Colleague: 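I'd like to ask some things about the structure below.
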There are 2 protein chains.
Amino acid sequence: MAIPRAAKTQRRTRIQEEKEEQILEAALDVFSVSGFRGSTIDQIAEVAGMSKPNLLYYFRTKEAMHRALIDRVLFTWLEPLRAFNAQGNPESEIRGYIRRKLEMARDFPRESRLFANEVLQGAPHIEDELKGPLKELVDEKAAVIRSWAKAGKIVKCDPYHLIFSIWSTTQHYADFDVQVRAVLGQGQSGEGRFEDAARFLEQLFVDGLSVRTNQPAS
Amino acid sequence: MAIPRAAKTQRRTRIQEEKEEQILEAALDVFSVSGFRGSTIDQIAEVAGMSKPNLLYYFRTKEAMHRALIDRVLFTWLEPLRAFNAQGNPESEIRGYIRRKLEMARDFPRESRLFANEVLQGAPHIEDELKGPLKELVDEKAAVIRSWAKAGKIVKCDPYHLIFSIWSTTQHYADFDVQVRAVLGQGQSGEGRFEDAARFLEQLFVDGLSVRTNQPAS
DNA sequence: TGTAATGTTTACCAGTCGGTCAAATTATCC
DNA sequence: GGATAATTTGACCGACTGGTAAACATTACA
């Protein structure tokens with residue numbers, strides 16, 4: 001008599017590790033394009049190269065798959081913001097944060113779109129994460145930015161909207177990739193485009209936030 | 001014998017005008033939240049307060065509804081960029097563009113999300129619009145911005161990425177509204193939040209783009 | 001007011017959806 | 001190698017999907 005579900009076993013077998021990996025990889029492919037409602041288990045099963053009941057052997061429901069995916073991706077996704085260092089130099093910290101976020105948009109566009117789809121559709125599955133861990137992390141980093149502004153190291157500005165603007169400008173290149181490509185044309189794609197975006201954004205934020213020498217902060 | 005479909009008639013009746021309006025309004029509600037694949041005709045019919053076959057009397061297919069909606073919304077959506085004036089003063093033009101885009105994000109969030117959903121999912125229904133009218137308009141305005149930079153009126157920067165960054169930062173407040181609200185907390189919503197965002201973005205872009213007096217452009 | 005055109009609804013269809021079941025197959029371990 | 005647990009599959013289910021047919025109701029207009 002088989003144990004009802006893989007999840008019930010104490011130790012995960014090699015096969016379980018492999019298949020769950022395989023499934024989540026396929027699920028990321030599908031969910032990131034079509035969102036939760038727009039995706040079907042059949043699609044994911046086909047991408048994963050296994051039958052639907054087999055897939056449902058590892059994840060009981062579509063929701064369970066989606067949740068496992070979100071949980072796995074969320075931690076990594078917040079890494080750049082977590083790396084934001086209060087002791088560091090404001091200009092290089094902001095520059096570094098932009099670059100790391102931009103690299104993630106380039107290297108993990110599916111992860112970005114997964115969240116974008118979810119938030120766009122009202123975040124029905126990740127509301128708790130947004131109001132909990134995410135908000136706490138942002139609050140913490142916002143305090144850092146505010147202290148920099150108070151100390152005259154950067155111009156006075158709303159730290160929350162600063163963070164929003166860095167999120168939106170960088171993730172734009174993952175989430176709206178089709179549009180960006182349509183507007184820029186075939187000409188330059190890939191690395192060239194990435195460097196242009198990085199140069200522009202660093203210029204925008206560094207110049208836009210530095211204290212102007214002809215209008216001293218003090 | 002009834003004429004097959006309303007679309008076939010030469011003159012639109014009063015009822016047609018009203019019902020089509022009613023349907024597109026409901027369709028905007030639904031499509032903007034769930035995207036094309038994730039939305040169902042039944043949902044739209046319920047929101048519109050009419051039976052599914054009645055709805056299908058005015059729009060033959062789900063696709064037709066979606067297309068009609070996109071066509072109607074696209075023109076309005078590009079209005080702020082079209083208003084961008086080559087003869088105007090660079091600073092006030094950019095400031096005005098940001099404010100208009102932000103107003104649209106506030107007043108027409110559903111329209112913003114409709115496009116966001118569509119582009120995010122690979123723009124399967126609006127690829128032509130992106131590569132055609134949109135690209136042309138952006139090319140035109142990019143040329144204006146480039147001429148300003150050449151004339152030393154603003155700092156030298158990539159005009160395309162400038163436009164992308166204004167799009168992303170402003171539309172963020174419509175598309176990622178749930179996240180913005182979760183992070184900012186209940187405290188200030190509505191008008192206060194809007195003014196904070198406007199102040200921050202105008203500061204960011206105006207200071208970030210102005211030619212620094214201690215590093216003259218010439 | 002009559003009648004033809006327009007508008008609305010009920011009942012229905014075939015295909016797809018998320019998910020179950022039991023039987024068959026494969027891996028594991030003594 | 002055999003018993004036992006883990007894995008995989010085909011057949012299937014009821015609910016929902018986009019869309020149709022045809023009868024019925026309403027409107028516009030001569």
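Everything numeric in this text was worked out from a predicted model, so none of it was measured. Here is how names work: the chains are called A, B, and so on, in the same order as the sequence lines, proteins then strands, and each is numbered from 1.
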Colleague: Check each residue of residues 38-48 of chain A for a non-hydrogen atom within less than 4.0 Å of any atom in DNA chain C, then write out the ones that pass by number, or none.
Modeller: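 Contacting residues: A:S39, A:T40, A:I41, A:D42.
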Colleague: Let me have a per-nucleotide readout for nucleotides 21-27 of chain D, 5' to 3', with B, S or -, counting only protein heavy atoms under 4.0 Å.
Modeller: -------
Colleague: Report yes if the side chains of A:M65 and A:I44 come closer than 4.5 Å at any heavy-atom pair, otherwise no.
Modeller: yes
Colleague: Could I get the full list of salt bridge (Lys or Arg N to Asp or Glu O under 4.0 Å) partners for B:R146, not counting sequence neighbours?
Modeller: none
Colleague: Between C:dT6 atom P and B:E18 atom CD, what is the distance in whole Å?
Modeller: 17 Å
Colleague: Rounding to a whole Å, what distance do you find between A:R60:CZ and D:dT7:C1'?
Modeller: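 Spelled out: CZ on A:R60 to C1' on D:dT7 is 16 Å.
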Colleague: Enter the inter-axis angle for the ends of the helix from C:dT1-D:dA30 to C:dC30-D:dG1 (five pairs per end, rounded to 10°).
Modeller: 20°
Colleague: Scan for side-chain hydrogen bond (donor to acceptor under 3.5 Å, both in side chains) pairs involving residues 72-83 of chain A, sequence neighbours excluded, and state none if there are none.
Modeller: A:E21-A:R72, A:E79-A:R82
Colleague: According to salt bridge (Lys or Arg N to Asp or Glu O under 4.0 Å), who are the partners of B:E46, at least two apart in sequence or on a separate chain?
Modeller: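 Listed in chain order: nothing, the list is empty.
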Colleague: Among the nucleotides C:dT9, C:dG18, D:dG19, which one has an atom lying closest to any side-chain atom of A:K52?
Modeller: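 Closest nucleotide to the A:K52 side chain: C:dG18.
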Colleague: Side chain of B:K62 only, heavy atoms from C-beta on: which candidate in C:dT20, D:dG19, C:dT8 is closest?
Modeller: D:dG19
Colleague: So, is A:Y58 close to the D:dT8 phosphate, meaning a side-chain N or O under 4.0 Å from OP1 or OP2?
Modeller: yes
Colleague: Of the nucleotides D:dT20, D:dA6, C:dG19, which one has an atom closest to the side chain of A:Q16?
Modeller: D:dA6
Colleague: Counting side-chain heavy atoms from CB outward, which of D:dG19, D:dT9, C:dT8 is closest to A:S51?
Modeller: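 Within the option list, the nearest is D:dT9.
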Colleague: With ring centroids as reference points, do B:F84 and B:W148 lie under 6.0 angstrom apart?
Modeller: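 Under 6.0 Å, so yes.
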Colleague: Taking the side chain as C-beta and beyond, is there a heavy-atom pair between B:K135 and B:L130 under 4.5 Å?
Modeller: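 Sidechains of B:L130 and B:K135: no contact.
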